[in-house]
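Inspection log for the structure reproduced underneath, given as structure tokens.
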Number of protein chains: 2
Amino acid sequence: MALNTANSTPDDGDTSSHGHDPQSCEACEVRACGMCSSLSNGELDKLRRITRTREYKAGDQIFCDEEPLQNYAAIKQGIVKLSKILPDGRQQTLGLGFPPDFIGRTYGEENVCFASAVTDVTVCTFPKELFNDYLMRTPALEHKLFQLTLNELDTARDWMVMLGRMTALERTATMLLKFSTKRHLGVMDPPPIDGTVRFELPLTRSEISDFLGLTIETVSRQFTQLRHLGLIKIDQQRYIDILDYQGLMAVSGQE
Amino acid sequence: MALNTANSTPDDGDTSSHGHDPQSCEACEVRACGMCSSLSNGELDKLRRITRTREYKAGDQIFCDEEPLQNYAAIKQGIVKLSKILPDGRQQTLGLGFPPDFIGRTYGEENVCFASAVTDVTVCTFPKELFNDYLMRTPALEHKLFQLTLNELDTARDWMVMLGRMTALERTATMLLKFSTKRHLGVMDPPPIDGTVRFELPLTRSEISDFLGLTIETVSRQFTQLRHLGLIKIDQQRYIDILDYQGLMAVSGQE
DNA sequence: CGGTACTTTGAGAATCGTCAAAGATAGTGG
DNA sequence: CCACTATCTTTGACGATTCTCAAAGTACCG
């Protein structure tokens, strides 16, 4: 069942499940770093009353663009992809959500993009109206969400530079660098071995191409070129070793 | 004098001037619609004490990327361009600020982009520390800034789709449509005449190309093509008549 | 009227996309 | 355990779009 149930497409093979109140916010992976970090235990108790946890399998749609916004969500585990689709099917990924990101257009009437699960995902969901009321009465939470939104805006603008002005090779290198350094929380892989950095790419080539504003084939060719330049090594198409961090920086176009 | 004076480049030909407390917030063009609309007259009085007005000539730099953030600003008049520049000089415009937008990275330590005046610009400026203090004590203002930021994020993501997935012609048409319908406040031109929409393009071809992630020449060719398609008419390279709104929508790729 | 800056147009080159096919991986069932 | 299949990825050839470089045209400002 999708987060928004109003217009959820039939036969969409959604395999999500939902539970009741999360029993242990105290033990939550993201209690200390996400939006809940702005809340006292007392305030958290109130929020918990309107919270449901929900799980999605990799590939599930979480909500749809232009659908009425019914629930917000906070990511507990997994990676969420936000994207827009043009009428003729062209797709552009807008960003990735990692724990403890908040998703759903705050104060919005409808969703402004699609959200789907890249990996298996666990979220806490909050009904829009109840959450808005809670938010109005809890300035500390609004402050925290504001800061998360400011970070999202910073990120979006960095990607705008990438999409507007970087070559395919630069985009690919830039993406690898971002993945190697950020957001290891819960989803990323072993720590650096000697000089090299190793991590698992959570996205397929198709998802990467939607992210970088390229085609699958072009992305694949850039990976090949980075391999031939001796900057990276690829195992099983998904595990990346950065062999030459400085070299990768140099071809990424950001000095 | 630039908004941030710490590292302001010498000989930058800056022609801005600054005044003292704005005498009449009540008469301000954006009192009712900008961030100040969240404030009572009493609260506004307090804010006014830390406010200075400042004016910039078209082309002036307002602040620089990676410079310490010293002042925030609210746009009273004119158009501000936000942009980033890659080490090798490639430039990407991130968005335009119109009255009553707020500029400066809220809660940031340094600027995350360049801001420059596209037209002559008048702003109210607020010293960072004092404004942050004020903001912390004024949840209604934070709420308002949050909403402005959410709108900026929506806009940035729309541009991401444009930059990542649209052709040169689609980008150009999309930009014209946005300019024709939005933000007529104080800076735009005569109202629609019969079926057609007429407005002045506030940007040069060079600024347009930085905005659309294209080159000057490509932008020019798209204008020519739109003219040949009978969708627009251009006077003096700056005044645009949209002759066929539906047609322009059709080539803009957004249905 | 002449100079400067901006815009348009043209020709050729480079990058990236499209189409097609082969190779690799993971999952399934015998 | 081993085919067998479906999906994803890589590679190649070719074509289209956009960029680069160059020059001509146009508007603006004294």
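Throughout, protein chains are lettered first and strands after them, A, B, ... in sequence-line order, and every chain is numbered starting at 1.
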Please report the distance, rounded to the nearest Å, between [atom1] in [X] and [atom2] in [N].
X: A:Leu214; N: D:dT17; atom1: CG; atom2: P; value: 17 Å
X: B:Met166; N: D:dT18; atom1: CE; atom2: C1'; value: 17 Å
X: A:Gln91; N: C:dG17; atom1: CD; atom2: C1'; value: 17 Å
X: A:Ile232; N: D:dT9; atom1: CD1; atom2: P; value: 14 Å
X: B:Ile234; N: C:dT9; atom1: CD1; atom2: P; value: 9 Å
X: A:Arg90; N: C:dG17; atom1: CZ; atom2: C1'; value: 13 Å
X: B:Arg165; N: D:dT18; atom1: CZ; atom2: C1'; value: 16 Å
X: B:Arg238; N: D:dT26; atom1: CZ; atom2: P; value: 17 Å

Taking A:Arg54 for the side chain and A:Thr122 for the main chain, is one N or O donor matched with an acceptor at less than 3.5 Å? no

Between [Y] and [X], is the closest basic N to carboxylate O distance under 4.0 Å?
X: B:Glu66; Y: B:Lys84; value: no
X: A:Arg90; Y: B:Glu170; value: yes
X: A:Arg157; Y: A:Glu152; value: no

Sugar-phosphate, base or nothing in reach of A:Arg227, heavy atoms under 4.0 Å: sugar-phosphate

Please report the end-to-end axis angle for the helix from C:dC1-D:dG30 to C:dG30-D:dC1, five pairs per end, rounded to 10 degrees. 40°

Minimum side-chain heavy-atom gap [X]-[Y] below 4.5 Å:
X: B:Arg105; Y: B:Leu69; result: yes
X: B:Arg221; Y: B:Leu169; result: no
X: A:Ile242; Y: A:Leu231; result: no
X: B:Ile240; Y: B:Arg198; result: no

How are the rings of B:Phe199 and B:Phe179 set relative to one another: parallel (under 30°), tilted (30 to 60°) or perpendicular (over 60°)? parallel

Least distance between heavy atoms, A:Tyr245 atom then A:Ser180 atom: CE1-OG, 3.9 Å

For nucleotides 2-4 of chain D, give me every protein contact, N/O to N/O, under 3.5 Å, one pair per line with atom names.
none

Can you pull out the residues from residues 215-223 of chain B that lie within a 4.0 Å heavy-atom distance of DNA chain C? B:Ile216, B:Glu217, B:Ser220, B:Arg221

A:Asp235 vs B:Gln237, nearer the 5' end of DNA chain C by closest nucleotide: B:Gln237

Short side-chain N/O contact from B:Ser206 to OP1 or OP2 of C:dT7, under 4.0 Å: no

Within 45° of the axis and under 6.0 Å from the centre of the six-membered ring of A:Phe223, does NZ or CZ of A:Arg205 qualify? yes

